[in-house]
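Taking it in order: structure first as structure tokens, then the write-up.
First the proteins, then the strands, lettered A, B, ... as listed; each starts at 1.
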Amino acid sequence: MRIERVKGTRDFLPDEMRKRRRVESKLREIAERWGYEEISTPTFELAELFTIKSGEAILEEMYEFRDRSGRHLALRPELTAPVIRLYVNELKMSPKPTKVYYFGNCFRYEEPQRARYREFWQFGAEIIGSDRPEAEAEIIALAYSIIKELNIEAELHLGHVGLIREILRGAGVSDAMMSRVMRLIDKGARDELMELMQSMGIDGDALMHIIDLRGEAAIEEARHITAHSESLEHLEQLQQLLEYYGVGYDLNLGIARGLDYYTGMVFEIYESGDKLGAQRQICGGGTYRLAALFGGDDTPSTGFAFGFDRLTEVYCMDENEPKRVIVVPVKNEPEVLQAAIRITSRLRAHFNTYLDVMHRSMSDQLAYANAIHASYAVIVGKRELGEGKVTLRDLETGEQHKITLAECIAHLKREI
RNA sequence: GCCGGAGUGUGGUAGAGGUAUCCCUUGGGACUGUGGAUCCCAAGACCUGGGUUCGAAUCCCAGCUCCGGCCCCA
């Protein structure tokens with residue numbers, strides 16, 4: 001009986017894995033250069049960790065289960081909650097701000113579609129212990145820099161939930177109603193939103209206006225509505241800093257994020273092409289306060305998470321397969337094989353090197369070399385051994401020379 | 001959870017009621033010191049389960065999976 005792969009999961013073949021590893025190492029390298037350190041958390045956690053953050057409804061889309069002793073567990077559907085839990089449990093004493101990055105697989109029980117899978121990978125970074133504009137600017141600049149270094153065409157949308165909340169509060173929206181209103185803004189449910197505002201006896205037009213406006217016009221309007229706003233000042237500082245960083249973005253106060261723990265800026269990055277179909281968002285981030293929910297001090301954080309799979313789908317790799325060398329013993333005789341293994345070992349100190357393990361004839365070995373797209377063959381036979389040399393054959397041009405192993409290695413080092 | 005479309009060797013395909021075509025892939029052999037060659041041998045598929053029929057890859061139903069979309073999200 002044939003066992004099928006589970007719905008919404010993927011196998012990765014060598015070509016794809018090479019690409020994924022390449023993107024992964026770039027992400028790591030960039031984060032390290034910005035001074036972030038890697039952390040890693042378990043693949044499963046107490047289900048509570050996620051319901052506290054996102055509400056009971058998330059149970060519907062999690063892989064959740066009971067273990068043998070009755071613990072209610074879940075495969076992690078995202079990494080922010082585990083990272084903040086880790087911080088509360090292990091990193092509270094670290095100097096602030098604490099800068100970490102992470103990379104790991106997540107699981108969600110949802111209908112798979114283009115660029116959406118049941119097992120997917122996230123790469124993210126967090127600054128824990130600051131919600132200053134400087135920290136927010138750095139996080140946005142880091143995400144922006146990742147996009148730039150990967151050569152991805154994308155647009156960055158920036159909003160500020162703190163400001164929106166202040167405006168709503170100023171207009172008379174009660175704290176009790178706040179999350180409902182925010183959720184509607186997030187969904188872009190205009191009619192519902194207007195209805196709700198009306199039912200509270202609030203004029204929704206001004207709010208709509210602000211949500212719809214883009215760029216400087218939105219700021220102007222906000223200045224108009226709120227006499228003195230801390231959030232507005234904060235946002236303006238952030239904009240100034242982003243300018244210093246050279247980050248390009250669209251201001252869009254309609255980005256809300258329905259969840260209550262977001263407090264400051266929020267941003268999203270969308271791929272500009274149409275390689276991702278309906279799933280264009282490749283990154284989401286913002287400033288939030290989660291630590292207190294998990295039993296820590298009320299520590300602000302700011303961070304982002306990239307959809308790693310989407311990133312790799314959009315990333316164009318400029319290089320091909322690695323260059324391979326194949327050592328070809330001419331005959332399956334002890335002294336030839338001995339020499340071939342010795343030579344292979346020497347070559348493996350430097351190059352991706354193959355040696356026959358099928359007891360094949362020379363011509364079959366060369367046919368195999370061709371099938372795996374090897375670039376060079378090092379032919380070892382009695383004639384070569386007698387002279388203390390090997391034959392190096394360039395499999396692309398067909399040229400070959402009888403040279404010493406040292407010369408061969410030197411030559412390959414120049415070419416590969 | 002919902003709405004479309006699709007499932008034939010690893011992959012690409014032909015087949016519209018009579019047990020599967022071609023490309024191909026893999027292994028072996030011929031050859032025995034030079035490779036995308038040739039020849040020979042072998043192996044490799046109708047998504048699953050029901051139904052209709054003398055007979056189903058083909059028609060019908062259900063399920064599963066994939067692709068795309070809605071909701072939501074990364």
Side-chain angles (χ1 to χ4, degrees), chain A residues 1-11 13-15 50 54-55 57-58 60-62 76-80 103-124 143 154 183 186-189 257-259 267-271 274 276-286 303-314 326 328-333 336 354 356 358-386 390-402:
Chain A
M1 193 184 69
R2 180 169 164 158
I3 307 292
E4 299 296 338
R5 185 161 31 82
V6 172
K7 178 172 179 171
T9 63
R10 289 158 295 162
D11 293 320
L13 301 177
D15 279 347
F50 304 107
S54 308
I58 197 157
E60 297 294 314
E61 53 191 51
M62 286 200 302
R76 57 190 180 192
E78 47 105 13
L79 289 167
T80 311
F103 174 67
N105 52 350
C106 302
F107 306 83
R108 287 190 201 171
Y109 195 88
E110 291 184 293
E111 281 313 300
Q113 53 185 272
R114 184 167 182 78
R116 164 186 280 182
Y117 308 98
R118 288 188 171 178
E119 183 186 20
F120 61 98
W121 275 257
Q122 280 192 340
F123 178 91
R183 218 156 306 176
D186 186 36
K187 279 171 82 169
R257 306 245 141 172
L259 300 164
F267 73 102
E268 296 169 346
I269 300 176
Y270 293 89
E271 198 257 331
D274 65 342
L276 297 176
Q279 314 300 323
R280 290 179 53 234
Q281 190 179 341
I282 52 179
C283 178
F304 63 74
F306 272 93
F308 177 77
D309 308 274
R310 292 179 187 179
L311 221 42
T312 54
E313 266 186 68
V314 167
I326 187 161
V328 178
V330 174
K331 277 199 167 61
N332 286 301
E333 290 171 2
V336 176
Y354 276 66
D356 173 56
M358 299 283 281
H359 201 78
R360 276 171 167 152
S361 69
M362 179 173 180
S363 67
D364 280 350
Q365 290 186 54
L366 287 167
Y368 180 69
N370 183 48
I372 63 168
H373 306 123
S375 305
Y376 295 94
V378 174
I379 297 165
V380 183
K382 283 195 171 154
R383 287 179 208 158
E384 285 82 1
L385 290 180
V390 297
T391 295
L392 176 63
R393 183 175 170 86
D394 183 324
L395 293 171
E396 271 143 42
T397 64
E399 283 174 45
Q400 63 181 48
H401 304 282
K402 213 182 282 181

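- Nearest heavy-atom pair across C283(A) and F267(A) is SG-CE1, 4.1 Å.
- When the C1' atom of G33(B) is taken as reference, atom CD of Q400(A) falls 10 Å away, rounded to whole Å.
- C2(B) is paired with G69(B) under the criterion used here, namely a Watson-Crick or G-U wobble arrangement in which both key atom distances are under 3.5 Å.
- Residue contacts shown for Q122(A) are limited to sugar-phosphate atoms, with no base heavy atom under 4.0 Å away.
- Between the side chain of R108(A) and the base of C72(B), no donor-acceptor pair under 3.5 Å is found.
- At the heavy-atom level, Q365(A) lies nowhere under 4.0 Å from the strands shown.
- Looking at R114(A), its side chain has no donor and acceptor atom pair within 3.5 Å of the base of G69(B).
- R280(A) comes within 4.0 angstrom of no nucleic acid atom, judged by non-hydrogen atoms across all strands.
- Between the CD atom of Q281(A) and the C1' atom of C73(B) there is a distance of 8 Å, rounded to whole Å.
- As judged by a 4.0 angstrom heavy-atom cut-off over every strand, A115(A) is placed among the base-contacting residues.
- Put simply, K7(A) has no side-chain N or O that comes within less than 4.0 Å of OP1 or OP2 on C64(B).
- For K7(A) and E111(A), the salt-bridge test passes: some basic side-chain N is under 4.0 Å from an acidic carboxylate O.
- Below the 3.5 angstrom threshold, one finds a donor paired with an acceptor across the side chain of E384(A) and the base of G33(B).
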